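For reference, the structure discussed in these notes is given below.
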There are 2 protein chains.
Amino acid sequence: MRSDPRELAEGFSLVLRDLVLLLRQVTAEQPVSAQQLGILGSLEAGPRRVTELAREHGVRAPTMTAHVSRLEEAEAVSRGVDTDDARVVTVGLTSRGRDLLAAGRAARTAFLAERLEALGESERAALAAALPVLSRICAGG
Amino acid sequence: MRSDPRELAEGFSLVLRDLVLLLRQVTAEQPVSAQQLGILGSLEAGPRRVTELAREHGVRAPTMTAHVSRLEEAEAVSRGVDTDDARVVTVGLTSRGRDLLAAGRAARTAFLAERLEALGESERAALAAALPVLSRICAGG
DNA sequence: TTTGTTTAGTTAGCCTATCTAAGTTATAGT
DNA sequence: ACTATAACTTAGATAGGCTAACTAAACAAA
């Protein structure tokens with residue numbers, strides 16, 4: 001049985017470690033970290049509140065506050081207020097933020113696409129088939 | 001074309017972000033971090049030198065020195081000397097380190113196995129088929 | 001042998017990224 | 001009006017990563 005859950009979990013666990021190393025390579029030499037890029041991505045469709053961003057990225061509020069502060073420092077986002085609730089801080093992309101997002105995404109995609117081009121067609125098909133499964137694994141809980 | 005490299009890279013990129021969140025969940029509430037667990041795993045077959053560990057885990061020497069120091073502080077590893085080369089520091093598992101390794105692995109595998117059990121047989125098969133591909137992607141470069 | 005270079009590891013100092021605890025201000029409920 | 005809750009920030013801790021610079025040992029060569 002090749003897909004025994006326990007056995008598969010062990011193999012998956014090893015791959016997970018390698019993926020972390022891969023992610024470090026993807027991120028290295030880029031002006032925007034993976035976390036920051038993710039946050040910028042969340043703002044693409046419009047401003048969001050800090051709490052919302054924190055939940056979406058699986059971190060606590062103070063962590064997101066720090067991220068937003070750094071991004072604000074880099075002039076990639078700007079803080080605003082909510083007219084309905086004065087406690088709320090909204091975070092929106094600046095034009096510089098938009099540029100950084102586009103550049104970061106392009107670099108990341110290019111890096112990965114290069115790796116994927118080195119694979120065979122059937123390997124890419126196997127990966128494509130696994131992506132939704134991986135999503136489900138991550139979501140499930 | 002479902003497995004166009006560029007398109008696939010974008011999907012993969014999104015999954016990669018989710019996998020980071022998954023990894024945080026796997027690691028949370030455990031006494032030993034993913035990195036530390038990985039290092040302990042490298043020592044299972046016998047003592048290793050710091051430089052060797054650094055290369056294997058894709059970090060610089062000072063980073064590995066810090067890891068080893070923390071693990072030593074936790075009494076999970078112990079530093080030793082190489083009889084042939086007095087510059088070399090060897091790092092070996094203590095019995096406590098062995099226990100932490102076993103416990104950490106069991107917890108991690110249990111967590112993942114639970115997620116995998118929630119999948120269908122064909123999904124597990126798709127994942128199993130993709131693991132070697134993922135390994136190749138990580139290795140290639 | 002003395003001198004210079006490379007290698008192994010550490011230290012120092014910086015940055016990101018995460019957490020908890022505690023504080024501030026605003027909203028909401030009684 | 002009082003109290004509780006909620007949104008965010010601040011303060012302080014820790015892990016994890018980096019570069020630069022240091023020490024000590026090994027090697028190489030004159």
Side-chain angles (χ1 to χ4, degrees), chain A residues 17 20-40 42 47-74 76-92 100 104, chain B residues 17 20-40 42 47-74 76-92 100 104:
Chain A
R17 245 189 66 193
V20 170
L21 295 183
L22 181 73
L23 204 58
R24 264 227 298 285
Q25 288 182 35
V26 176
T27 300
E29 309 258 338
Q30 278 188 231
V32 163
S33 75
Q35 284 84 351
Q36 288 181 330
L37 200 59
I39 293 164
L40 294 180
S42 295
R48 310 283 297 281
R49 43 173 70 189
V50 171
T51 306
E52 216 177 352
L53 289 172
R55 189 162 25 79
E56 185 173 325
H57 290 86
V59 299
R60 302 291 180 176
T63 300
M64 190 50 68
T65 289
H67 278 305
V68 169
S69 296
R70 273 194 290 269
L71 286 168
E72 197 179 32
E73 180 72 22
V77 306
S78 61
R79 281 184 163 97
V81 296
D82 185 303
T83 51
D84 290 349
D85 187 337
R87 294 170 302 178
V88 169
V89 170
T90 62
V91 184
L100 286 170
Chain B
R17 244 189 68 192
V20 169
L21 295 182
L22 181 73
L23 203 60
R24 268 228 293 286
Q25 288 182 35
V26 176
T27 301
E29 310 258 337
Q30 277 187 230
V32 162
S33 75
Q35 284 87 349
Q36 289 181 327
L37 200 59
I39 293 164
L40 294 180
S42 294
R48 310 283 296 280
R49 43 173 71 188
V50 171
T51 305
E52 216 175 353
L53 289 172
R55 191 163 22 81
E56 186 172 327
H57 290 87
V59 299
R60 301 292 181 176
T63 299
M64 189 50 67
T65 290
H67 276 304
V68 170
S69 296
R70 274 194 289 269
L71 286 168
E72 196 179 32
E73 180 72 21
V77 306
S78 61
R79 281 185 163 94
V81 295
D82 185 304
T83 52
D84 289 349
D85 187 337
R87 293 169 303 177
V88 169
V89 169
T90 63
V91 183
L100 285 171

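What you see is a predicted model; the values in this text were computed from it and never measured. In what follows, every heavy atom counts, from backbone to side chain, and hydrogens, waters and symmetry copies are set aside. A note on names: the letters A, B, ... follow the listed sequences, proteins ahead of strands, and every chain is numbered from 1.
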Can you measure from [atom1] ([X]) to [atom2] ([Y]) and round to the nearest 0.5 angstrom?
X	Y	atom1	atom2	result
T63(A)	L53(A)	OG1	CG	12.5 Å
S33(A)	L40(A)	OG	CG	9.0 Å
M64(B)	L71(B)	CE	CG	9.0 Å

Between [N] atom [atom2] and [X] atom [atom1], what is the distance in whole Å?
X	N	atom1	atom2	result
Q35(B)	dT14(D)	CD	P	18 Å
E29(B)	dC19(C)	CD	P	12 Å
E52(B)	dT7(C)	CD	C1'	14 Å
R24(B)	dT14(D)	CZ	P	20 Å
Q30(A)	dC18(D)	CD	P	16 Å
Q25(B)	dT18(C)	CD	C1'	15 Å
L53(A)	dA17(C)	CG	C1'	16 Å
R49(A)	dT27(C)	CZ	P	12 Å

R55(A) (side chain) donor-acceptor with V50(A) (main chain) under 3.5 angstrom | no

Side-chain (H67(A)) to main-chain (Q35(A)) donor-acceptor, under 3.5 angstrom = no

By salt bridge (charged side-chain N to carboxylate O under 4.0 Å, His left out) - contacts of R79(A) (at least two apart) | E72(A)

Let me know, please, whether D84(B) or V20(A) comes out on the 5' side of the other along DNA chain D by nearest nucleotide.
-> V20(A)

Residues in side chain to side chain donor-acceptor pair (under 3.5 Å) contact with E56(A), at least two apart in sequence or another chain = S42(A), R48(A)

Residues of residues 57-71 of chain B with any non-hydrogen atom less than 4.0 angstrom from an atom of DNA chain C: list those, numerically ordered, please.
-> A61(B), P62(B), T65(B)

Out of dA7(D), dA25(D), dT16(C), minimum distance to the side chain of R87(A) belongs to dA7(D)

Could you work out which one of dA25(D), dT10(C), dG16(D) sits closest to the side chain of V89(B)?
-> dT10(C)

Presence of R79(A) side-chain N/O under 4.0 Å of dT9(D) phosphate oxygens OP1/OP2 | yes

